[in-house]
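Read the numbers this way: they start at 1 and go in the same order the structure lists the ligands and their atoms. We number each residue from 1, following the sequence as shown.
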Amino acid sequence: MPLKDKVLAVLEENKGKSVSGSEIARSVGMTRSAVWKAVKILREEGYSICAVTNRGYCLSEENDFLSEQSIVPNLRTKEIGRKIDVFKTIDSTNNFAKSLAQLGAVHGTTVISEVQTQGKGRMGRTFYSPLGMGIYMSVIIRPKLSVEHSLLITSCAAVAVAEAIEKVSGIDCRIKWVNDIYAGSKKLCGILTEASVDVEQGGLEYAIVGMGINVQNVNFPKNLANIATSIKLETGENTSRSLLAAEVLNCLEERLANITDKSFLEEYRNRSNVIGKRIEVTQGDRISTMTCTGIDEYGRLLVRLDDGEEKALSSGTVRLSGEERPQ
Ligand code: BTN
């Protein structure tokens, strides 16, 4: 680990408190002047570190940069997030995670970035990923799952992310089938799962669970303003993105551990904002209005068409009747 990262780890551990140069030097095994140089580099990178005479260095509590040093101490996981790549900028964390997975990256490997220049959404859409505002994170998972159970990964991840956001921010998070997290009538987070199937073994080879959470945004471009929200807009408070990212990874590991018993589905249904509602479903070019009656054991959307026919949908985009469309 580069020296400046060792210094950063000590400062993150003591965020908001002063640590003397000699204490840092002792714990990372370097000289005080090397500590001073490392602090200088960190400041040049944008970290707000004050130096108080006789008291030492202090990393400001307001500092919200994402780093391995700020995320890992908050993990309670065994595997997920234990290998983590943090980028200042990237095209798409899902794309990078996919290339790592193809090279054999281990279960739980996580990729996170401060900004995405080509963030991907479902159905070929883009995901708005401005600098320093959100959590843009992808996790490689390699659970031993049949193809049938693999289809549940997205809904299982939606429960985990909803629980994590609620735990950290207090927001009552609802899930819009299949994988959007809502606060009230606006979207707070989207999830894109991309999977590779092992054709010979007939099971899942790996899946990339990509999560985009709006955290600090105070405004959105015109086409999103009426449909998107952020934790900051909902609570009026600043949320530590590092703490939230770690909590998402904690909840994800916990929920995935029990994916085959499908216990997460009860929580998924409790958090659903479509069950019992009139909805509009887009499948390809076709848009139809129907009533949602539930979510089945395969995570499929149960609907009643207006002619009384009952169906289970495995794909499509759902809009609540009256909900605004993106422009
Ligand atoms: C959607 O709302 O349609 C899904 C959005 C998923 C966005 C996340 S951000 C991290 C990961 N990398 C991507 O390119 N997309 C996902």
Side-chain angles (χ1 to χ4, degrees), residues 66 71 80-81 84-102 105 108-141 153-162 164-165 173-183 185-196 206-217 220-221 223-231 241-242 244-246 248-249 252 273-274 281-283 315-320 323-327:
L66 298 167
I71 297 172
I80 292 194
I84 187 163
D85 284 333
V86 185
F87 286 85
K88 290 265 177 258
T89 178
I90 202 164
D91 56 350
S92 151
T93 55
N94 261 37
N95 285 351
F96 191 78
K98 213 187 297 174
S99 50
L100 287 182
Q102 279 156 5
T109 302
T110 298
V111 180
I112 186 164
S113 182
E114 290 281 3
V115 62
Q116 290 186 120
T117 53
Q118 287 173 58
K120 299 191 295 183
R122 286 178 71 233
M123 312 283 177
R125 289 188 286 255
T126 57
F127 186 80
Y128 178 62
S129 317
L131 177 69
M133 293 291 131
I135 293 176
Y136 319 118
M137 178 162 79
S138 302
V139 182
I140 300 171
I141 57 168
I153 291 173
T154 293
S155 3
C156 184
V159 169
V161 177
I165 298 177
C173 290
R174 306 273 113 203
I175 302 174
K176 193 183 81 170
W177 189 84
V178 55
N179 58 0
D180 286 341
I181 312 292
Y182 269 57
S185 58
K186 292 185 174 175
K187 179 164 159 176
L188 194 56
C189 162
I191 301 173
L192 174 67
T193 305
E194 300 183 84
S196 166
Y206 65 79
I208 309 295
V209 181
M211 297 154 282
I213 310 174
N214 303 323
V215 183
Q216 300 289 40
N217 318 56
F220 287 92
N223 62 331
L224 297 177
N226 293 328
I227 56 174
T229 189
S230 70
I231 295 180
R241 289 178 306 145
S242 302
L244 178 56
V248 168
L249 298 170
L252 190 62
N273 66 0
V274 293
V281 179
T282 308
Q283 286 179 306
S315 66
T317 300
V318 171
R319 209 183 308 283
L320 287 156
E323 191 185 346
E324 295 224 23
R325 298 162 192 283
Q327 275 141 34

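Note: I141 CD1 to I153 CD1 = 4.0 Å, rounded to the nearest 0.5 Å.
Residue R125 places every heavy atom at 4.0 Å or more from ligand 1.
In this structure, D91 contributes its side chain and Q118 its backbone to no donor-acceptor pair below 3.5 Å. At distances below 3.5 Å, not a single donor-acceptor pair connects side-chain atoms of Q216 with backbone N or O atoms of G134. A donor-acceptor contact shorter than 3.5 Å links the side chain of T110 to the backbone of G108. Between the side chain of Y136 and the backbone N or O of P130, at least one donor-acceptor pair lies under 3.5 Å.
With respect to R241 and E114, a salt bridge is recorded, a charged nitrogen being found less than 4.0 Å from a carboxylate O.
Using a 4.0 Å cut-off to heavy atoms of M137, the atoms of ligand 1 that qualify are 10 (C). Using a 4.0 Å cut-off to heavy atoms of I191, the atoms of ligand 1 that qualify are 4 (C). Within ligand 1, counting atoms from 1 as listed, the ones closer than 4.0 Å to a heavy atom of G121 are 1 (C), 3 (O), 4 (C), 5 (C). Close approach of ligand 1 to G119 is summarised as follows: ligand atoms under 4.0 Å from at least one heavy atom of the residue are 14 (O). Interface atoms of ligand 1 facing L192, defined by a heavy-atom separation under 4.0 Å, are 6 (C).
Contact annotation: for N179 versus ligand 1, there are no heavy atoms closer than 4.0 Å. Contacts of K187 with ligand 1, taken as heavy-atom pairs under 4.0 Å, involve the side chain alone.
For the residue pair T154/N179, the side-chain donor-acceptor check at 3.5 Å is not satisfied. Remark: the T93 side chain and the Q116 side chain contain an N/O donor-acceptor pair separated by less than 3.5 Å.
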Evaluate the side chain to side chain donor-acceptor pair (under 3.5 Å) criterion for residues Y182 and K176: first the C-alpha distance (whole Å), next the side-chain angles of each, then the deciding distance (0.1 Å), finally the verdict. CA-CA 7 Å; Y182 269 57; K176 193 183 81 170; 3.3 Å; yes
Please evaluate residues N94 and S138 with respect to the criterion side chain to side chain donor-acceptor pair (under 3.5 Å), reporting the C-alpha separation (whole Å), side-chain torsions for both, the decisive distance (0.1 Å), and the verdict. CA-CA 6 Å; N94 261 37; S138 302; 2.6 Å; yes
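From the protein, the heavy atom lying nearest to atom 9 (S) of ligand 1 is Q116 NE2, 3.3 Å. What sits closest to atom 3 (O) of ligand 1 on the protein, heavy atoms only, is R122 N, 2.6 Å. In this structure, the protein non-hydrogen atom closest to atom 6 (C) of ligand 1 is K120 O, 3.4 Å. Looking only at heavy atoms of the protein, atom 10 (C) of ligand 1 is closest to T93 OG1, 3.2 Å.
Considering only non-hydrogen atoms, atom 5 (C) of ligand 1 lies nearest to F127 out of F96, Y128, F127.
An N or O contact shorter than 3.5 Å links S92 to ligand 1 by distance. Ligand 1 has no nitrogen or oxygen under 3.5 angstrom from a nitrogen or oxygen of Y136.
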